[in-house]
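Taking it in order: structure first as structure tokens, then the write-up.
First listed ligand is number 1; within each ligand, the first listed atom is number 1. Below, each value reflects all heavy atoms present in this structure, side chains not excepted, and no hydrogens, waters or symmetry copies. Throughout, numbering of the chain's residues begins at 1 and tracks the sequence.
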Amino acid sequence: MENIIQIRNLKFSYRPSRQPAIREIDLDIRKGEYIAIAGLSGCGKSTFCRCLNGLIPHFYRSGVMKGSVTVDGLDTRELPLYEITQKVGMVFQDPESQLMALTVERDIAFGPENLGLPREEIRARVEEALELVKIAHLRERAPHELSGGEQQRVAIASVLALQPKILVLDEPTANLDPAGAVDVLNIIENLQVQKKITVIIVEHRLELALQSATRLLIMHDGTLVFDDKPEKLIAKDIIPAEAYGVQMPSLIQLFTQLMDEGHSFSQIPFNIPLAASIILSELGSARSTSE
Ligand SMILES: Nc1ncnc2c1ncn2[C@@H]1O[C@H](COP(=O)(O)OP(=O)(O)OP(=O)(O)O)[C@@H](O)[C@H]1O
Ligand SMILES: [Mg+2]
């Protein structure tokens with residue numbers, strides 16, 4: 001499959017005199033991947049996101065960037081920021097900072113209007129975005145009156161109206177309660193499935209992120225220390241996950257403990273349905289051997 005993002009020898013410091021926030025990253029991301037990024041506070045996750053959406057180098061001009069980031073075949077250093085924004089949609093932790101119009105509908109229309117798109121096209125994009133994140137019923141509401149989870153969905157819809165191929169979300173659920181977080185993550189998963197959007201999400205709570213992510217990146221001190229399928233995390237000698245600020249999902253803890261106690265399973269599950277089917281099949285085979 002084609003690489004939608006290609007990163008070569010990326011390094012970045014916010015000031016020439018400062019320690020680099022990105023020391024060295026090389027990475028290829030294929031179209032349609034769903035990638036979770038975790039790592040300790042200050043390890044460079046947000047900085048990395050800014051390298052993907054062009055804020056670095058275009059906005060952080062006093063910084064020093066080395067190496068290259070290619071998005072959809074184009075080098076971000078050579079593209080103006082507004083063109084990168086159409087390819088890479090960015091959603092932040094605090095949705096309120098992204099919402100400014102008087103109604104949800106106006107907010108979603110803002111991006112396409114700025115692109116100077118025809119009125120019919122704008123209307124169609126707004127409708128599609130409202131449907132995709134299931135907020136058509138909120139269209140007339142004022143964004144600042146909505147709940148955190150609703151606001152985050154509006155922020156995602158506003159970004160989707162630009163029809164990006166890539167969606168980068170920097171801790172989009174950090175300010176949400178557990179139900180709101182699950183809701184937003186379900187919406188994101190749907191987008192990835194329905195629209196084949198490439199998703200890159202910074203999410204500390206692996207428990208949540210790994211419901212859908214098929215690839216996990218762990219950053220430490222400006223580099224990638226883990227880049228693999230989430231299930232590889234379980235080979236626990238590979239990385240000291242806790243030292244990198246990664247909390248093992250409790251399902252994984254449960255299954256590794258059972259394995260330590262001598263039980264064997266065909267695989268270790270990341271979500272409840274899979275866990276249930278593994279346990280049921282174990283129970284089934286245990287029952288048939290005892291009969
Ligand atoms: N705007 C900025 N100007 C100068 N230095 C910055 C800026 N933003 C981040 N840094 C520094 O760059 C390094 C990486 O920060 P970054 O925000 O990317 O980490 P993070 O992994 O996103 O952390 P967190 O989990 O707390 O959000 C840190 O040392 C931080 O102090
Ligand atoms: Mg951050």
Atoms of ligand 1, numbered as shown, that sit under 4.0 Å from any heavy atom of [X]:
X	value
H204	25 (O)
S46	17 (O), 18 (O), 20 (P), 22 (O), 27 (O)
T47	14 (C), 15 (O), 16 (P), 18 (O)

Closest protein heavy atom to [atom], given as residue, atom name and distance to 0.1 Å:
atom	result
atom 23 (O) of ligand 1	G42 N, 2.8 Å
atom 10 (N) of ligand 1	Y14 CE1, 3.3 Å
atom 25 (O) of ligand 1	K45 NZ, 2.8 Å
atom 26 (O) of ligand 1	S41 OG, 2.6 Å
atom 31 (O) of ligand 1	R18 NH2, 4.2 Å

| Distance-only donor-acceptor check, side chains R18 and S13, under 3.5 Å | no
| message | We want to know whether T47 and Y14 form a side-chain donor-acceptor pair, criterion being a heavy-atom distance below 3.5 angstrom. | response | yes
| R106 atom CZ: more than 12 heavy-atom contacts under 6.0 Å | no
| said: Looking at K11, I want to see if its NZ is surrounded by more than 12 non-hydrogen atoms of other residues, nucleotides or ligands under 6.0 Å. | reply: yes
| said: Using a distance threshold of 2.8 Å, state whether an N, O or S atom of S46 lies below it from the Mg ion (ligand 2). | reply: yes
Region of [X] that comes within reach of ligand 1 [heavy atoms, distance under 4.0 Å]:
X	value
R50	side chain
Q19	neither
M219	neither

Ligand 1 contact by [X], heavy-atom criterion under 4.0 angstrom:
X	value
Y60	yes
E171	yes
Q93	no

| Between A21 and ligand 1, does any nitrogen or oxygen pair lie at a separation below 3.5 Å? | no
| task | Report yes if C43 has an N/O atom closer than 3.5 Å to an N/O atom of ligand 1; otherwise report no. | result | yes
Do [X] and [Y] sit within salt-bridge range, that is, some charged N less than 4.0 Å from a carboxylate O?
X	Y	value
R50	D170	no
R8	D28	yes
E127	R123	no

| field | P80 backbone acceptor or donor facing E83 side chain under 3.5 Å | value | no
| query | So do the side chains of C51 and L10 get within less than 4.5 Å of each other, counting heavy atoms only? | reply | yes
| How long is the gap from CD on Q152 to CD1 on I135, to the nearest 0.5 Å? | 11.0 Å
| request: Please assess H263 against E282 for the test side-chain contact (heavy atoms from CB on, under 4.5 Å), listing each intermediate value before the final yes or no. | output: CA-CA 10 Å; H263 298 271; E282 291 299 317; over 6 Å; no
